[in-house]
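A quick write-up on the structure given underneath.
Excluded from the calculations below are hydrogen atoms, water molecules and symmetry mates; all remaining heavy atoms, backbone and side chain alike, are included.
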Amino acid sequence: MDYPSQDSIQQINGALASHHHRHMWIITGPAGCGKSTVAQYLAQELSIPFIEGDDYHSEANKQKMTQGQPLTDNDRWGWLIQLREEANSRLSPSKSSQTQAHDGVVVTCSALKRRYRDVIRIAAYNDNDVMVHFIFLKADEAVLLKRVQGRQGHFMKSTMVRSQMELLEEPDMQEQGRDVLEVDCGASLTEVQQEVVKTVRKALADDR
């Protein structure tokens, strides 16, 4: 696997150190788009915390997904709020906390609907020093289905790909002009990882 050069990594970290805001990088998209793998890679390159959104689903939500039952809006509200607050705590821990404050955090969250993304956006409304970015990993349904079918031991079943694609509200031009960065995830994993790092580097440079 090809990785960015050491010079590229230093440029990323340099941009991170000199930027004005603290950044939430929300890696989003339907099942099979590679959110977790891409997010872990990005977090490692930027040396910032990684939060796996699936870990914050309730047991009831996980059970429903294991059985191939789509989650409702009511199933998701508490999850989205908890995920937003956990991400914010990594950026701005309380004075009594022993947790280190970071300039950024990477989070996986499907955020299929605009209203779900709006729940996460509240983090920036409540703190002007925080910027929320959604990196939308886009691919054809056939590609996503093949990837999910190849998973072992994950609670997300292949039948969920169809339900998530039906639920998906792709970010429109208004969102993309605001805080959504789109990356084609139909390419190889290495290419997607490198494109995401490139996209993040540009966003950090623009925030200097």
(message) Once rounded to the nearest 0.5 Å, what's the spacing between atom CG of Asp103 and atom CG of Leu46?
(response) 10.0 Å
(request) Answer yes or no: is there a donor N or O on one side and an acceptor on the other, between the side chain of Gln176 and the main chain of Pro171, under 3.5 Å? (result) yes
(message) Ignoring hydrogens, what is the shortest heavy-atom contact between Ala87 and Val105? Give both atom names and the distance.
(response) O-CG1, 3.9 Å
(message) Please determine whether residues Met24 and Tyr56 belong to a single hydrophobic cluster, defined as Ile, Leu, Val, Met, Phe, Trp and Tyr linked transitively by side-chain heavy-atom distances below 4.5 Å.
(response) yes
(message) Please give me the minimum heavy-atom distance between Ser110 and Trp79, naming the atom from each residue.
(response) OG-CH2, 3.9 Å
(request) State, to 0.1 Å, how close Leu83 and Cys109 come at their nearest heavy-atom pair, and which atoms those are. (result) CD2-CB, 3.7 Å
(message) Closer than 4.0 angstrom, basic N to acidic O: yes or no for Asp172 and Arg114?
(response) yes
(message) Can you give me the closest heavy-atom contact between Ala187 and Val192, atom names plus distance?
(response) O-CG2, 3.8 Å
(message) Using only atom types and a distance under 3.5 Å, with no angle test, would you say the side chain of Thr28 pairs donor to acceptor with the backbone of Phe136?
(response) no
(message) Taking the basic N atoms (NZ, or NE/NH1/NH2) and the acidic carboxylate oxygens, is any pair closer than 4.0 Å for Asp118 and Arg121?
(response) yes
(message) I'd like to know if the side chain of Glu52 and the backbone of Asp54 have a donor-acceptor N/O pair within less than 3.5 Å.
(response) yes
(message) Using 30° and 60° as the class boundaries, would you call the ring planes of Trp25 and His133 parallel, tilted or perpendicular?
(response) parallel
(request) Go through the steps to decide whether Asp179 and Met131 satisfy the test side chain to side chain contact (heavy atoms under 4.5 Å, CB included), and finish with yes or no. (result) CA-CA 8 Å; Asp179 56 15; Met131 288 188 71; over 6 Å; no
(message) Are Ile120 and Ile122 linked, directly or through intermediate hydrophobic residues, by side-chain heavy-atom contacts shorter than 4.5 Å (ILVMFWY only)?
(response) no
(message) Can a donor-acceptor pair be found, under 3.5 Å and without considering hydrogens, that links the side chain of Lys35 to the backbone of Gly29?
(response) yes
(request) Output the distance between atom CZ (Arg115) and atom CZ (Arg76), rounded to the nearest 0.5 Å. (result) 11.0 Å
(message) To the nearest 0.5 Å, what is the distance between CH2 on Trp77 and CG on Leu71?
(response) 12.0 Å
(request) Hey, could you give me the CG/NE2 distance between Leu80 and His57, rounded to the nearest 0.5 Å? (result) 8.0 Å
(message) Would the distance check show the side chain of Arg22 and the main-chain N or O of Leu91 forming a donor-acceptor pair, the cut-off being under 3.5 Å?
(response) yes
(message) Taking Val148 as the starting point, is it possible to reach Met165 by hopping between hydrophobic residues whose side chains are less than 4.5 Å apart?
(response) yes
(request) Taking all non-hydrogen atoms of both residues into account, name the closest pair between Ala43 and Pro49 and its distance. (result) CB-O, 4.1 Å
(request) Identify the two heavy atoms, one from Arg90 and one from Phe50, that lie closest to each other, and give their separation to 0.1 Å. (result) NH1-O, 4.3 Å
(request) Could you grab the distance from atom CD of Glu166 to atom CG of Leu112, nearest 0.5 Å is fine? (result) 11.5 Å
(message) Donor-acceptor check, side chain of Asn61 to backbone of Asp75, threshold 3.5 angstrom: yes or no?
(response) yes
(message) Would the distance check show the side chain of Gln164 and the main-chain N or O of Pro30 forming a donor-acceptor pair, the cut-off being under 3.5 Å?
(response) no
(request) Nearest 0.5 Å please: distance from the CD atom of Glu182 over to the CD atom of Glu195. (result) 11.0 Å
(message) Can you confirm whether more than 12 heavy atoms, excluding those of Lys113, are under 6.0 Å from its NZ atom?
(response) yes
(message) I'd like to know if the side chain of Arg84 and the backbone of Val119 have a donor-acceptor N/O pair within less than 3.5 Å.
(response) yes
(request) Examine Val143 and Val161 and state if one hydrophobic cluster contains both, with Ile, Leu, Val, Met, Phe, Trp and Tyr joined whenever side-chain heavy atoms are less than 4.5 Å apart. (result) no
